[in-house]
Amino acid sequence: MTDFDDYAPQPGGLAARAAAAAQRPPYLDGLNPEQRAAVETLDGPVLVLAGAGTGKTRALTTRIAHIMALGKARAWEILAVTFTNKAAREMRERIEMLVGEGAQAMQWLGTFHAVSANILRRHAELVGLKPNFTILDTDDQIRLLKQVLQAENIDDKRWPARALAMRIDSWKNRGLSPGQVSAGEAESFANGKGAQLYALYQERLKILNAVDFGDLLLESLRLFRENADVLADYQQRFKYILVDEYQDTNTAQYLWLRLISQGRRNVCCVGDDDQSVYGWRGAEVENILRFEQDFPGAKIVRLERNYRSSGHILAAASHLIAHNEDRLGKTLFTDGEDGEKPTLTGVWDSQEEARVIGEDIEQLQRKGQSLEEVAILVRASFQMREFEERFVEIGLPYRIIGGARFYERLEIRDALAYLRCVAQPADDLAFERIVNTPKRGLGDATIQLLHAFGRRERIPLMQAARVLVETEEMKPKPRGALKNLIADFDRWRDLIDTKPQHELAEMVLDESGYTEMWRQDKTPEAAGRLENLKELVRAMEEFPDLAAFLEHISLVMDTEESKEQERVSVMTLHAAKGLEFETVYLPGWEEGLFPHQRSLDEQGRAGLEEERRLAYVGLTRAKRRARIFFASNRRIRGLWQPTVPSRFVDNLPPTHVEVVEAPSGAHYGGYAVSRFANLDVYGSDYSTPGWKRAQGARPAPARESRPSSRQPLTIEGEVVARSSSTSRWNAGARVFHMKFGPGTVATVDGNKLTVDFDKAGRKMVLESFLEAG
DNA sequence: CCTCCTACTACGCGG
DNA sequence: TAGTAGGAGG
């Protein structure tokens with residue numbers, strides 16, 4: 001009544017609202033209502049359908065901050081999965097900006113593969129592995145498959161290991177173990193041996209104490225399925241679960257996620273069907289469509305307000321993607337200004353393309369554009385090379401993301417193989433790689449011997465070697481060399497817990513003669529390789545131990561590049577998903593390259609639509625400037641071929657796109673003209689100006705990158721030379737040896753026998769090499 | 001067993 | 001074209 005006492009603000013009045021706002025945590029400021037819903041709807045399943053540039057990452061990171069701020073869960077009780085390392089890293093950085101140090105405690109933030117690897121190491125024994133298992137990359141995988149094919153006497157010309165690897169991958173992506181592969185599909189490789197080869201491969205992996213990328217998921221899935229208590233533990237542990245880029249989950253990931261989230265059901269998935277570009281590795285967009293069925297009562301939040309791109313860019317992208325039939329369909333809008341229209345430029349060939357883009361960037365740079373805000377997004381990584389060469393020439397600082405990576409270089413892989421052998425004596429692939437590097441006189445014959453014995457006894461090569469050097473199966477020279485090598489490894493392995501890993505690495509590389517090998521090498525690359533080895537040792541310092549370092553490089557192959565200097569980023573469209581730049585260059589919009597021919601051949605319309613989504617992803621990375629290019633000639637496998645502009649060019653709305661002539665007088669600038677200009681005019685071979693120009697002075701590309709094979713992993717291992725089992729033979733028995741011929745057993749010591757050979761005299765040999773004589 | 005040469009394939013995207 | 005795998009010869 002009175003205006004003087006007991007005054008309280010009226011509920012809902014101005015003062016109350018202002019007061020509430022003051023109490024609202026600052027991180028919620030500036031979120032639009034939909035974003036706030038995505039952040040504040042904490043309990044129960046939530047699906048956030050977020051268009052490109054609608055603040056999805058912001059919503060996700062704020063949600064995590066909110067969970068922690070309300071005390072709903074601690075950092076380590078939150079599971080947050082992404083697809084790429086880049087996305088995981090960025091998410092951690094952004095959370096750190098919101099909550100500070102707390103972000104470091106989020107030990108369950110990472111890629112599906114990294115999180116799975118973590119879980120798997122904790123329970124390795126339950127799926128028949130040791131905790132220090134090795135994670136093989138594609139290269140190792142293929143080498144191993146080659147061995148399997150060889151052992152099965154399958155012609156690897158007709159049935160390439162590569163093809164088998166792809167098939168096994170796709171089975172794993174779908175969550176299929178060898179027994180679950182349908183007969184029809186198993187039929188399709190090596191006359192029905194597909195599933196059998198898959199099974200053999202898995203068997204070999206177990207012996208090697210190794211998994212491939214697909215196994216990380218599949219094996220942890222199996223772990224959960226076969227161990228209810230373990231599953232229950234994780235279901236309880238993770239109070240909140242967040243999944244980024246949900247449209248990219250494959251079946252195995254989907255099953256994994258569904259199991260792990262059934263406990264508390266606080267799962268929040270964020271995705272955009274228009275940005276589904278990983279169909280080729282088994283992603284199922286259906287997962288996103290099925291969400292409501294899988295999680296009844298799920299709340300759906302739609303983010304459609306675009307904050308990133310200016311009007312014309314958004315219009316162009318929306319128009320383009322509207323050509324797809326398979327989409328949920330959503331309408332992005334922006335309140336921002338129209339800005340610049342995306343430009344379209346036809347150039348003569350890929351070299352001109354690189355030149356024009358280089359000049360354009362320099363011009364923007366003069367106007368104050370930061371190079372950090374400029375990106376070139378290509379369809380295929382081989383396109384990067386042209387830019388690299390040109391930028392080196394004109395001195396434009398650039399950064400290749402996801403190209404030929406540091407850890408894929410020959411010398412780095414060799415060095416890692418040494419470390420893997422130290423950490424993980426069962427790692428045959430690593431051992432095989434370096435037994436004779438540098439040359440030790442351990443050639444094919446020796447390796448074959450080790451293999452034969454190892455296979456027969458089902459033991460790793462290193463262990464086989466250990467046993468074999470105690471006998472006379474080998475000639476003295478290789479025997480001595482192998483003995484030394486094993487002794488070296490034993491010595492290094494003893495230091496694993498006491499010596500800092502980078503010092504150990506240096507020691508290994510020196511004492512093995514590996515560094516010396518490159519010092520002796522007179523080729524021009526040798527110096528660079530030695531530099532890289534130094535860099536590797538330096539990089540190791542940052543890790544707590546060898547195991548941590550090896551884990552890091554199996555899962556996170558890219559080095560975090562320095563940000564000291566501003567650089568233009570060059571990367572694939574796939575790698576660019578989730579990122580944004582002021583200015584984006586989109587070269588190579590030509591039929592066959594983009595959309596990629598193989599995508600069309602293999603997937604038909606679905607393939608085309610995925611390619612179109614990729615184009616959409618590319619365009620929507622741009623905040624202010626998007627520049628599309630197509631060339632009339634491109635070098636494919638060393639041959640210059642005339643090309644035709646991409647059909648996606650025709651999918652762009654003319655009113656929102658500006659056609660720009662290439663400054664250097666490319667006469668086929670306008671796309672209406674150039675679309676067919678090149679088709680028949682020049683014929684297809686060596687009379688084209690492009691070819692002629694190509695014959696002109698081309699600086700010899702000085703580029704170094706030798707992908708080869710190999711990878712890393714983990715600590716400590718035991719080697720048991722077995723000597724106690726009894727032999728099939730007793731003294732006096734007649735036996736036959738492949739190399740030494742017939743003889744009589746003199747003495748027996750476990751699996752080692754001394755035999756008096758009729759011709760070769762007395763030798764100590766292994767039982768497994770003997771037959772009844 | 002090593003080195004040199006020839007022949008073949010590959011240039012689709014990632015953990 | 002380039003990088004590598006496999007074969008021949010020393």
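Each chain gets a letter, A, B and so on, in the order its sequence line appears, and its residues count up from 1.
Residue A:S381 places none of its side-chain N or O atoms closer than 4.0 Å to OP1 or OP2 of B:dG12. Distances shown here put every side-chain N or O of A:H113 at or beyond 4.0 Å from the OP1 or OP2 atom of B:dG15. Close to B:dG14, at under 4.0 Å from its OP1 or OP2, lies no side-chain N or O of A:R281. Taking side-chain N and O atoms only, A:T572 has no distance below 4.0 Å to OP1 or OP2 of B:dG12.
In summary, the side chains of A:E590 and A:Q641 do not present any donor paired with an acceptor at a separation below 3.5 Å, with no hydrogens or angles considered.
To the nearest angstrom, P of C:dT1 lies 21 Å from CD of A:Q383. Distance, A:N436 CG to B:dC1 P: 8 Å, rounded to whole Å. Taking atom CZ of A:R440 as the reference point, atom C1' of B:dC1 lies 15 Å away to the nearest angstrom. Here the C1' atom of nucleotide B:dA10 and the CD1 atom of A:I142 are 13 Å apart, to the nearest Å. Distance NE2 (A:H596) to P (B:dC13): 7 Å, rounded to an integer number of Å. Per the geometry, CD belonging to A:Q597 stands 17 Å off P belonging to B:dA10, to the nearest Å. Summarising the geometry, the separation between CD on A:E245 and P on B:dC13 is reported as 19 Å, rounded to the nearest angstrom. The nearest whole Å value for the distance from the CH2 atom in A:W640 to the C1' atom in B:dC11 is 14 Å.
Here C:dG3 sits opposite B:dC8 as a Watson-Crick or G-U wobble pair (both hydrogen-bonding atom distances under 3.5 Å).
For A:R162, the CZ atom is loosely surrounded, since the number of other residues' heavy atoms within 6.0 Å does not exceed 12. More than 12 heavy atoms of other residues, nucleotides or ligands shown are found within 6.0 angstrom of NZ on A:K739.
In this structure, A:R621 contributes its side chain and A:L579 its backbone to a donor-acceptor pair below 3.5 Å. Counting only distance, with no hydrogens or angles, the side chain of A:R440 and the backbone of A:V435 share a donor-acceptor pair below 3.5 Å. Side chain of A:D428 to main chain of A:L461: a donor-acceptor pair is present (N/O by atom type, distance under 3.5 Å, no hydrogens or angles).
Counting only heavy atoms from C-beta on, A:K439 has its side chain closest to B:dT3 among B:dG14, B:dT3, B:dC13. Closest contact between the side chain of A:F213 and the listed nucleotides B:dT3, B:dC11, B:dG15 involves B:dG15.
Residue contacts shown for A:S599 include a base, since a base heavy atom lies under 4.0 Å away. Within the 4.0 angstrom heavy-atom criterion, no nucleotide atom of any strand lies near A:F112. Using a 4.0 Å heavy-atom criterion, one finds that A:E602 contacts the bases of the nucleic acid, with or without backbone contacts as well. Residue A:T138 is in base contact, counting any heavy-atom pair closer than 4.0 Å across all strands shown. Residue A:A445 is classed as a sugar-phosphate contact, given heavy-atom separations below 4.0 Å to backbone atoms only. At the heavy-atom level, A:E611 lies under 4.0 Å from base atoms of the strands shown.
With the nearest nucleotide of DNA chain B identified for both A:P478 and A:R637, A:P478 has the one nearer the 5' end. Each of A:T446 and A:H574 was assigned the nucleotide of DNA chain B with the nearest heavy atom; the assignment lying further toward the 5' end belongs to A:T446.
Applying the 5.5 angstrom centroid cut-off and the 30 degree plane-angle cut-off, the aromatic ring of A:W280 is stacked upon the base of B:dC13.
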